[in-house]
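What follows is a short report on a single structure.
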Amino acid sequence: MIKDYLQSTAGLPPPSSYNSSARGYPDVSAISEDGTSQSSPTVAGIFSLLMDMRLQAGLKPLGFLGPRLYMIAEKFPGEAFQDVTEGTTAYHCDNGFPSAKGWDPVTGLGRPVWQGLKKHFASDDTLLG
């Protein structure tokens, strides 16, 4: 996803200003203002509710979420994360990363969609089907 973004998005900052072979972030966005300091606790709270639902259903904890986040976003686009395609990381500077369709460094996979998160994370049916 990250490689696709870097290859297909116009208006990127100069290549010397970022490492194109490293991990991209964020994974998920929650709030369009104030960045990850506000989104991180919001997303953590959402996933704690999903974890509670799993435990109440007798399922194992989710564990490391990264691979499952990206698998769900790829196999079921728009169900668990709403893509955000407007905005940029430019803030008081002349360049930044633009939002784009799919993963981008502005909002990651997008904003959480509760019904889709319940379907794909509070249950393991997606993995079994």
Side-chain angles (χ1 to χ4, degrees):
M1 288 183 173
I2 296 163
K3 187 177 182 180
D4 292 340
Y5 172 84
L6 293 173
Q7 290 176 348
S8 65
T9 306
L12 296 175
S16 61
S17 67
Y18 61 91
N19 182 347
S20 64
S21 64
R23 182 184 184 281
Y25 52 88
D27 293 314
V28 181
S29 175
I31 299 168
S32 296
E33 294 182 28
D34 300 327
T36 56
S37 61
Q38 196 169 11
S39 292
S40 294
T42 301
V43 172
I46 289 169
F47 275 93
S48 72
L49 293 171
L50 294 166
M51 186 70 74
D52 184 57
M53 294 171 80
R54 290 181 64 80
L55 296 175
Q56 294 291 328
L59 297 171
K60 292 181 179 181
L62 286 166
F64 180 59
L65 282 172
R68 191 162 177 168
L69 291 173
Y70 287 86
M71 180 201 68
I72 296 301
E74 189 171 340
K75 285 188 174 183
F76 307 97
E79 288 189 23
F81 308 103
Q82 180 184 10
D83 196 8
V84 179
T85 58
E86 293 181 20
T88 178
T89 61
Y91 185 73
H92 296 298
C93 60
D94 63 354
N95 67 61
F97 290 96
S99 291
K101 184 170 173 41
W103 181 91
D104 60 62
V106 182
T107 61
L109 298 170
R111 74 165 192 86
V113 177
W114 179 246
Q115 291 303 321
L117 290 174
K118 280 186 0 185
K119 175 181 176 182
H120 297 295
F121 291 91
S123 151
D124 287 336
D125 292 344
T126 298
L127 302 176
L128 302 173

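What you see below is based on every heavy atom in this structure, not just the backbone, and it leaves out hydrogens, waters and symmetry mates.
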Once salt bridge (charged side-chain N to carboxylate O under 4.0 Å, His left out) is applied, what residue pairs with a partner in residues 102-111 remain, sequence neighbours excluded?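 Of all non-adjacent pairs touching residues 102-111, none passes salt bridge (charged side-chain N to carboxylate O under 4.0 Å, His left out).
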
Excluding sequence neighbours, so at least two apart, what forms side chain to side chain contact (heavy atoms under 4.5 Å, CB included) with [X]?
X     : result
Leu65 : Phe47, Leu62, Leu69, Phe121
Asn95 : Pro13, Pro14
Pro67 : Phe64
Thr88 : Ala90

Indicate, with yes or no, if [Y] and [X] share a hydrophobic cluster defined by side-chain heavy-atom contacts under 4.5 Å among Ile, Leu, Val, Met, Phe, Trp and Tyr.
X      : Y     : result
Val106 : Tyr70 : no
Ile46  : Leu59 : no
Phe81  : Val43 : yes

Nearest heavy-atom neighbours spanning [X] and [Y]:
X      : Y      : value
Ala30  : Thr42  : CB-CG2, 3.9 Å
Pro26  : Pro105 : CD-O, 3.4 Å
Ala122 : Met53  : CB-CB, 4.0 Å
Ala10  : Pro98  : O-CG, 3.5 Å

[X]: partners by side chain to side chain donor-acceptor pair (under 3.5 Å), with sequence neighbours left out:
X      : result
Asp94  : none
Ser17  : none
Ser123 : Asp125

List the steps, then state whether side-chain contact (heavy atoms from CB on, under 4.5 Å) holds for Met1 with Glu74. CA-CA 9 Å; Met1 288 183 173; Glu74 189 171 340; 4.0 Å; yes

Show every ring pair (Phe, Tyr, Trp, His ring centres under 6.0 Å) that has at least one partner inside residues 2-24, sequence neighbours left out.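 Pairs touching residues 2-24 that pass the test: Tyr5-Trp103, Tyr18-Phe97.
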
Taking salt bridge (charged side-chain N to carboxylate O under 4.0 Å, His left out) as the test, write out the residues that go with Asp27, two or more places apart.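 Counting only residues at least two positions away or on another chain, Asp27 forms a salt bridge (charged side-chain N to carboxylate O under 4.0 Å, His left out) with Arg23.
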
Test of understanding: with salt bridge (charged side-chain N to carboxylate O under 4.0 Å, His left out), list the residues that count as partners of Arg54, not counting sequence neighbours.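 Expected list: Asp124.
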
Counting only pairs under 3.5 Å, give me each side-chain donor-acceptor contact of residues 112-119, with atom names and distances, residues two or more places apart or in other chains.
residue, atom, partner, partner atom, Å
Lys119, NZ, Glu79, OE1, 3.0

Under 3.5 Å, is there a donor-acceptor pair between the side chain of [X] and the main chain of [Y]?
X     : Y      : result
Asp83 : Gly110 : no
Ser99 : Glu86  : yes
Arg68 : Gly63  : no

